[in-house]
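Data block below; observations after.
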Amino acid sequence: MDTPRSEKTHVEVSEDDKAGKYAEARSVAPSVYEKGVPVEEVDLPPDGGRGWLVVFGCIIFSAATVGWGYVLEKACEQRTSLPGSFRVLSCGVLTSHQVWGVTEEYFKEHVFPDASESVLSTLGSMSGMFMTLLSVIPGKLADRYGYKPFLAAGGFLWTLSMLLCVFATQLWHWFVIMGVIQGVANALVYPLIVALPAQWFLRYRALTTGMVVAGSSLGGAVSSLIFREMLTALGLKKSFAIYTALDGSLLLAAWFMISERRKPSERKQIIWVDRSFFSDPVFWSLGICFFFTVFGYLSPIFFLPTFAKQKLPHLSELLAALPVTMLNFSAAAGRTLIGFLADRIGPVNALWSVIMLSGLTQLLVWTFVSNYAGIMAFAIMYGFVCGCFLSLSPAVAAQLWGSGRLAGLSGLMLLFNLPGNSAGAPIGGAILNGSGGNWTAVSCYSGGLQILGAICLLYARLKRQPKVLAVY
């Protein structure tokens with residue numbers, strides 16, 4: 001595949017440093033550079049300077065938009081009956097909805113008391129499905145026409161959606177606003193903000209991408225605490241009015257922070273159906289890896305409170321939910337720290353490691369814990385590695401194919417996650433039901449699928465870099 005021209009501009013390099021700098025670049029991201037490109041034409045990303053302001057702007061976008069509806073917590077609470085205290089939680093999105101969980105609770109008690117939980121949880125999951133299905137389109141358009149116009153459109157649509165919430169009165173209004181409009185806004189934003197760090201960072205590419213994705217977790221966690229208090233004190237309309245002003249101001253400031261390194265003349269033509277990807281076995285190796293990984297990813301997140309109550313019936317609701325809260329904070333830390341590690345050992349190596357550790361943690365830890373300390377330890381251990389495949393995905397794609405069409409490729413990779421997001425947790429619940437409440441069966445199902453995902457990734461890793469101990 002051709003190397004993006006944006007990564008082959010001229011730079012002055014002294015004779016003494018040529019060999020060292022070129023070797024360093026090749027060791028960090030060898031696929032970025034064409035074989036035979038003269039050293040003096042290699043332009044390494046600055047790995048700092050203006051790039052840190054760009055990353056900060058992306059973090060704000062992530063926290064304000066994606067973080068509102070997509071953090072590792074307990075939403076999409078669509079419940080169906082299971083024996084005893086068990087229940088199936090189904091979710092049609094990539095991650096879950098912490099702030100939506102707060103909003104859904106308020107809707108049920110004060111706004112739409114006659115609405116079923118399945119209807120409300122469908123409302124909560126719609127924006128995620130729209131984002132997953134549509135991200136590839138704005139990603140490819142942004143790769144061709146530039147990121148900032150689409151980030152401006154996404155920020156405007158998001159702020160407009162928050163404003164429209166002030167005036168919404170019917171349930172269908174909320175489906176249009178929080179489902180369609182916010183889903184489109186997130187599709188405009190997410191693939192771009194996870195791709196932008198690759199233009200500015202090479203040595204710290206995985207770290208900065210992890211920081212952006214972690215911003216959604218932290219933003220959602222903070223927003224859920226603030227918004228709950230605002231709903232109690234101010235009511236629905238005033239709360240959304242305040243958040244409209246807050247989000248509008250933050251997104252406007254973030255938009256001015258963001259900049260691209262690519263010149264307009266260096267942007268690639270749009271290839272809507274890129275046969276070079278679909279005919280590449282490495283692409284399918286990575287995609288199938290994500291397919292199996294996501295199927296095994298959600299069960300612990302959704303079932304930990306139920307698991308804790310089953311093992312320790314005397315626990316309060318707060319203590320039963322606390323392991324998931326700790327899992328969230330651990331996930332935010334893990335995405336950043338694993339990103340830092342990935343810049344040392346290579347993003348593909350890091351991706352394989354965290355997926356394998358995620359599966360092994362379920363098989364070897366979750367299977368055997370029975371007391372509260374063990375449950376908390378599992379939550380922290382699993383949280384630290386479980387969501388890192390999301391933050392490492394753009395860095396891995398840049399490693400394998402370069403950053404020239406990274407936004408479109410990031411959106412395309414999200415499609416592999418959709419089946420597992422929709423069916424992974426419900427299948428886990430069905431296994432729990434069919435086995436008569438056997439948690440070992442659930443942990444073997446979800447952990448085993450993640451290990452299968454790691455095995456599928458081995459083809460891509462060894463195909464591109466046969467040396468087992470190489471940084472890649």
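From a predicted model like this one, the values you see are computed outputs, not experimental measurements.
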Taking side chain as C-beta onward, heavy atoms only, is [X] less than 4.5 Å from [Y]?
{"X": "I380", "Y": "L327", "result": "no"}
{"X": "Y190", "Y": "S216", "result": "no"}
{"X": "W52", "Y": "F201", "result": "yes"}
{"X": "I258", "Y": "Y147", "result": "no"}
{"X": "L188", "Y": "L151", "result": "no"}
{"X": "N186", "Y": "W158", "result": "yes"}
{"X": "I451", "Y": "I355", "result": "no"}
{"X": "F61", "Y": "V66", "result": "no"}

Any luck finding a side-chain donor-acceptor pair between [X] and [Y] under 3.5 Å?
{"X": "Q182", "Y": "S161", "result": "yes"}
{"X": "D280", "Y": "W401", "result": "yes"}
{"X": "Q450", "Y": "S358", "result": "yes"}

Gap between atom [atom2] of [Y] and atom [atom1] of [X] - 0.5 Å precision:
{"X": "M413", "Y": "L390", "atom1": "CE", "atom2": "CG", "answer": "13.5 Å"}
{"X": "L164", "Y": "M178", "atom1": "CG", "atom2": "CE", "answer": "11.5 Å"}
{"X": "L192", "Y": "K148", "atom1": "CG", "atom2": "NZ", "answer": "12.0 Å"}
{"X": "D47", "Y": "D343", "atom1": "CG", "atom2": "CG", "answer": "8.5 Å"}
{"X": "S446", "Y": "Q362", "atom1": "OG", "atom2": "CD", "answer": "3.5 Å"}
{"X": "M162", "Y": "D247", "atom1": "CE", "atom2": "CG", "answer": "5.0 Å"}

Tell me the closest heavy-atom pair linking [X] and [Y], and the distance in Å.
{"X": "A206", "Y": "G339", "value": "CB-O, 3.3 Å"}
{"X": "P197", "Y": "V212", "value": "CG-CG2, 4.1 Å"}
{"X": "T159", "Y": "G248", "value": "OG1-CA, 3.7 Å"}
{"X": "A350", "Y": "A342", "value": "CB-CB, 3.5 Å"}

Cut-off 3.5 Å, no hydrogens considered: what does the side-chain donor-acceptor table look like for residues 284-291, sequence neighbours left out?
from: W284; atom 1: NE1; to: F278; atom 2: O; distance (Å): 2.7
from: S285; atom 1: OG; to: C456; atom 2: O; distance (Å): 2.6
from: S285; atom 1: OG; to: A460; atom 2: N; distance (Å): 3.1

For this session: Show the numbers, then the answer: is there a side chain to side chain contact (heavy atoms under 4.5 Å, CB included) between I177 and L160?
Result: CA-CA 9 Å; I177 296 168; L160 176 64; over 6 Å; no
Is it true that a side-chain atom of [X] and a backbone atom of [Y] form a donor plus acceptor pair closer than 3.5 Å?
{"X": "R205", "Y": "A198", "answer": "yes"}
{"X": "Q199", "Y": "E260", "answer": "no"}
{"X": "S391", "Y": "C388", "answer": "yes"}
{"X": "R50", "Y": "M257", "answer": "yes"}

Exercise. Do the ring planes of F303 and W439 sit parallel (below 30°), tilted (30 to 60°) or perpendicular (above 60°)?
Worked result: perpendicular
Exercise. Mind checking whether F240 and W174 have parallel, tilted or perpendicular rings, split at 30° and 60°?
Worked result: tilted
Problem set entry | Over 12 non-hydrogen atoms of neighbours within 6.0 angstrom of CH2 in W200 | yes
Exercise. Should we say atom NZ of K237 is surrounded by more than 12 heavy atoms from elsewhere, each under 6.0 Å from it?
Worked result: yes
For this session: Check whether the ring centres of Y297 and F389 lie less than 6.0 Å apart, and answer yes or no.
Result: yes
Exercise. Is the ring centre of F283 less than 6.0 Å from the ring centre of F416?
Worked result: yes
Exercise. Going through the distances and angles, do F130 and V180 end up as a side chain to side chain contact (heavy atoms under 4.5 Å, CB included)?
Worked result: CA-CA 7 Å; F130 271 96; V180 179; 3.9 Å; yes
Problem set entry | Derivation and outcome, side chain to side chain contact (heavy atoms under 4.5 Å, CB included), residues L392 and T209 | CA-CA 7 Å; L392 289 173; T209 305; over 6 Å; no
For this session: Among T361, V354, L357, I338, find the residue that satisfies the side-chain contact (heavy atoms from CB on, under 4.5 Å) test when tested with F384.
Result: I338
